A.B. asks: 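Could you have a look at this structure, given as structure tokens, before my questions?
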Amino acid sequence: MIPLKYLLDHKEEVIQRLKVKHFDASEIVKQIEEKNVLRKKTQAETDAKLAELNQISKEIGSLFKQGEKAKAEEQKKYTLELKDQIQELQHQLSDLEKQIDELLVFLPNIPHNSVPEGKGSEDNLVVRQGGVTAEPNNGLPHWDLARKYDIIDFELGNKITGSGFPVYKGKGAKLQRALISFFLDEALKAGYNEVLPPFLVNEDSGFGTGQLPDKEGQMYHVQTDNLFLVPTAEVPVTNIFRDVILNEEDLPQKYTAYSPCFRREAGSYGKDVRGLNRLHQFDKVEIVVIEHPHRSYEQLEQMLLHVEGLVQKLELPYRIVKLCGGDMSFSSALTYDVEVFSMAQNKWLEVSSVSNFENFQANRLKLRYRDKETKKNNLCHTLNGSALALPRIVAAILENFQTEEGIRIPDVLKPYTGFDYIK
RNA sequence: GGAGAGAUGGCAGAGUGGUCGAAUGCGGCGGUCUUGAAAACCGUUGUACCCGCGAGGGUACCGGGGGUUCGAAUCCCUCUCUCUCCGCCA
């Protein structure tokens, strides 16, 4: 949520920059402005009346003490009238506040200056590319390999739960565990603190990171307890900092967490969602950083380097793209995607998304730091990224490293898997 | 699941209808003293919004929501959470 004050102080700028996200904010901003003028006026009136009531109440108290009962009763009558007026004003005020909030929630985050124009993924900007040559190898796609080596069973998952819930078996299961450990260890080395958060969150947390109220359909909802299965560890981890005021010198706060991720997303059908490409449950290691506003873009680059290091160590061909306005998420100011090339599918698979949300999330979370100089509380910047999501990494490993002897395991993973090949 | 107790500022903890945004202690910050530090002493120390160029003033907040009252941290209702005991259990 864009902070109200910032929005009103930078109206034209916000409207201009939201156009990069193909969002026309002019009407909403106008409404917010009008309602805010009314809100201020209403609050001033309400506060004045409340002050009067408080004053009279004090007087009544001392009148009673002095035994001047008649005078006190007189005053009481007047307060009845006052209270009616106050009640009316307070209703108006809370209505206005609610209306402003509802409008504010509609506005996507302001994209960073460097965000390229564009409609969709085809307009994203390739920042750099790395790893061994990215070419199709005419190999088997991972869903065939999974069956060949009996390491991932999609049909069995269908039977137990439904589509999008595969069963990993034998070396396939071990490979999952290996990747999770590898990713966590790498994050630890890079200075992130490990946490293992709850996998169900309450409504407040869903609201804090922006899944609620409008993206409710993307999460699995446990109705009896009104809890939500986490769509990413970002939700529980970022909410550690809900309603928190940090000292300036405590920034940055760097966290990493593994969690299974549950996503209902209906999505499209066909090749894009085959096999491991899109699942309802998958595993991911996430990195989350709370940073000083002055340093958040430096931090974003650091996080990107960390993620890049992971795909490099896994020997996968990759590229980094900066998302264009049209392809960015609602709450992001700048996002890099890291994609690995799948040789058998002959396409790029998104394995990580690293974003700076600036103060958009922090505003909802009420996550602030105390400025050392001014002693004022300012909103922090929040950033996060996948480091990494497992399924597409597994897909790429299977497809890119298939040999006649079996699937070759990248060197860095061997200490974790305990085997060199999946045969 | 059954029975009981409780939720107050960064923490501990007092406050059972007006003098309470809230005693006191600890912690934090500033200062005096000291070569420096500690101790001691003095001062200061919540958040948000509104009015004001500013100085300053106002309002709200004692787990959440609602009610009684001229007036609520304090009384009533309700929800959530925590603790203790019993039961069950990885």
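In the text below, chain A, chain B and the rest are named by the order of the sequence lines, each starting its count at 1. If you're wondering where the values come from, they're calculated on a predicted model, not measured in any experiment.
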A.B. asks: Side chains of A/Gln361 and A/Glu234: donor-acceptor distance under 3.5 Å anywhere?
C.D. replies: yes
A.B. asks: Between B/A37 and B/G28, how far apart are the two P atoms, rounded to whole Å?
C.D. replies: 15 Å
A.B. asks: Given 3.5 Å as the limit, does a donor-acceptor pair link the side chain of A/His22 with the main chain of A/Gly118, or not?
C.D. replies: yes
A.B. asks: Expressed in angstrom and rounded to an integer, what is the separation of A/Asp243 atom CG from B/G46 atom P?
C.D. replies: 18 Å
A.B. asks: So, for A/Phe357 and A/His381, is the gap between ring centers shorter than 6.0 Å?
C.D. replies: no
A.B. asks: Any ring pair (Phe, Tyr, Trp, His ring centres under 6.0 Å) involving residues 158-179 of chain A? Give me the pairs, sequence neighbours left out, ordered by first then second residue.
C.D. replies: A/Phe165-A/His280
A.B. asks: Can you tell me, in whole Å, how much space there is between the C1' of B/U24 and that of B/C81?
C.D. replies: 28 Å
A.B. asks: Given 3.5 Å as the limit, does a donor-acceptor pair link the side chain of A/Thr382 with the main chain of A/Ala362, or not?
C.D. replies: no
A.B. asks: Roughly, in whole Å, what's the span from NZ in A/Lys372 to P in B/C29?
C.D. replies: 10 Å
A.B. asks: May I ask you to check whether A/Tyr318 and A/Glu308 show a side-chain donor-acceptor distance below 3.5 Å?
C.D. replies: yes
A.B. asks: If the C1' atom of B/G15 is compared with that of B/G1, how far apart are they to the nearest Å?
C.D. replies: 37 Å
A.B. asks: What integer number of Å spans the P atoms of B/G10 and B/G66?
C.D. replies: 23 Å
A.B. asks: Sequence neighbours left out, what pairs pass ring pair (Phe, Tyr, Trp, His ring centres under 6.0 Å) with at least one residue falling in residues 96-118 of chain A?
C.D. replies: A/His112-A/Tyr297
A.B. asks: Please check the phosphate of B/A48 (OP1 and OP2 only) for any side-chain N or O of A/Asn377 closer than 4.0 Å.
C.D. replies: yes
A.B. asks: Can you tell me the distance, in whole Å, between the CD atom of A/Glu97 and the P atom of B/C50?
C.D. replies: 10 Å
A.B. asks: Go ahead and name the base partner of B/C83; Watson-Crick or wobble counts if both distances stay under 3.5 Å, otherwise write none.
C.D. replies: B/G4
A.B. asks: How long is the span from the CG atom in A/Leu7 to the CD1 atom in A/Ile110, to the nearest 0.5 Å?
C.D. replies: 7.5 Å
A.B. asks: Taking B/C20 as the reference, what is the distance to B/U8 when you measure between their C1' atoms (whole Å, please)?
C.D. replies: 12 Å
A.B. asks: If I pick the P atom on B/C76 and the same atom on B/A5, what distance separates them, to the nearest angstrom?
C.D. replies: 13 Å
A.B. asks: Are a donor atom and an acceptor atom from the side chains of A/Gln92 and A/Glu88 found within less than 3.5 Å of each other?
C.D. replies: yes
A.B. asks: Is it true that A/Glu203 and A/Asn226 share a donor-acceptor pair across their side chains at a distance under 3.5 Å?
C.D. replies: yes
A.B. asks: Atom pairs under 3.5 Å, N or O on each side, protein against nucleotides 17-20 of chain B: can you list them with distances?
C.D. replies:
from	atom 1	to	atom 2	distance (Å)
B/G18	N2	A/Ser57	O	2.7

A.B. asks: If you check the A/Leu53 side chain, which of B/A48, B/C70, B/C49 turns out closest?
C.D. replies: B/C70
A.B. asks: May I ask you to establish whether A/Arg364 and A/Phe207 are in a cation-pi arrangement, using a distance under 6.0 Å from NZ or CZ to the six-membered ring centre and at most 45° from the ring axis?
C.D. replies: yes
A.B. asks: When rounded to the nearest Å, what value does the distance between C1' atoms of B/G9 and B/A73 take?
C.D. replies: 12 Å
A.B. asks: Is there a side-chain contact between A/Arg368 and the phosphate of B/U47, meaning an N or O under 4.0 Å from OP1 or OP2?
C.D. replies: no
A.B. asks: Considering only heavy atoms, which members of residues 78-86 of chain A lie under 4.0 Å from some atom of RNA chain B?
C.D. replies: A/Thr79, A/Lys83
A.B. asks: What nucleotide among B/C51, B/C49, B/A60 has an atom nearest to a side-chain atom of A/Asn54?
C.D. replies: B/A60
A.B. asks: Please collect all ring pair (Phe, Tyr, Trp, His ring centres under 6.0 Å) contacts where either partner lies in residues 211-246 of chain A, sequence neighbours excluded, each pair once.
C.D. replies: A/His221-A/Phe228, A/Phe241-A/Tyr255
A.B. asks: Any side-chain N or O of A/Arg370 less than 4.0 Å from the OP1 or OP2 oxygen of B/G10?
C.D. replies: no
A.B. asks: Looking at residues 41-52 of chain A, who's got a heavy atom less than 4.0 Å off RNA chain B?
C.D. replies: A/Gln43, A/Ala44, A/Asp47, A/Leu50, A/Ala51
A.B. asks: Using the P atom as the reference point in each nucleotide, state the distance between B/G6 and B/G63 in Å, no decimals.
C.D. replies: 14 Å
A.B. asks: Does B/A38 have a Watson-Crick or wobble mate here (both distances under 3.5 Å), and if so which one?
C.D. replies: none
A.B. asks: Do A/Lys284 and A/Ser259 meet the criterion of a side-chain donor-acceptor pair at a distance under 3.5 Å?
C.D. replies: no
A.B. asks: With a 3.5 angstrom cut-off on both distances, give the Watson-Crick or G-U wobble partner of B/G27, or none if there isn't one.
C.D. replies: B/U45
A.B. asks: Both distances below 3.5 Å, Watson-Crick or wobble geometry, any strand: find the nucleotide opposite B/A72.
C.D. replies: none
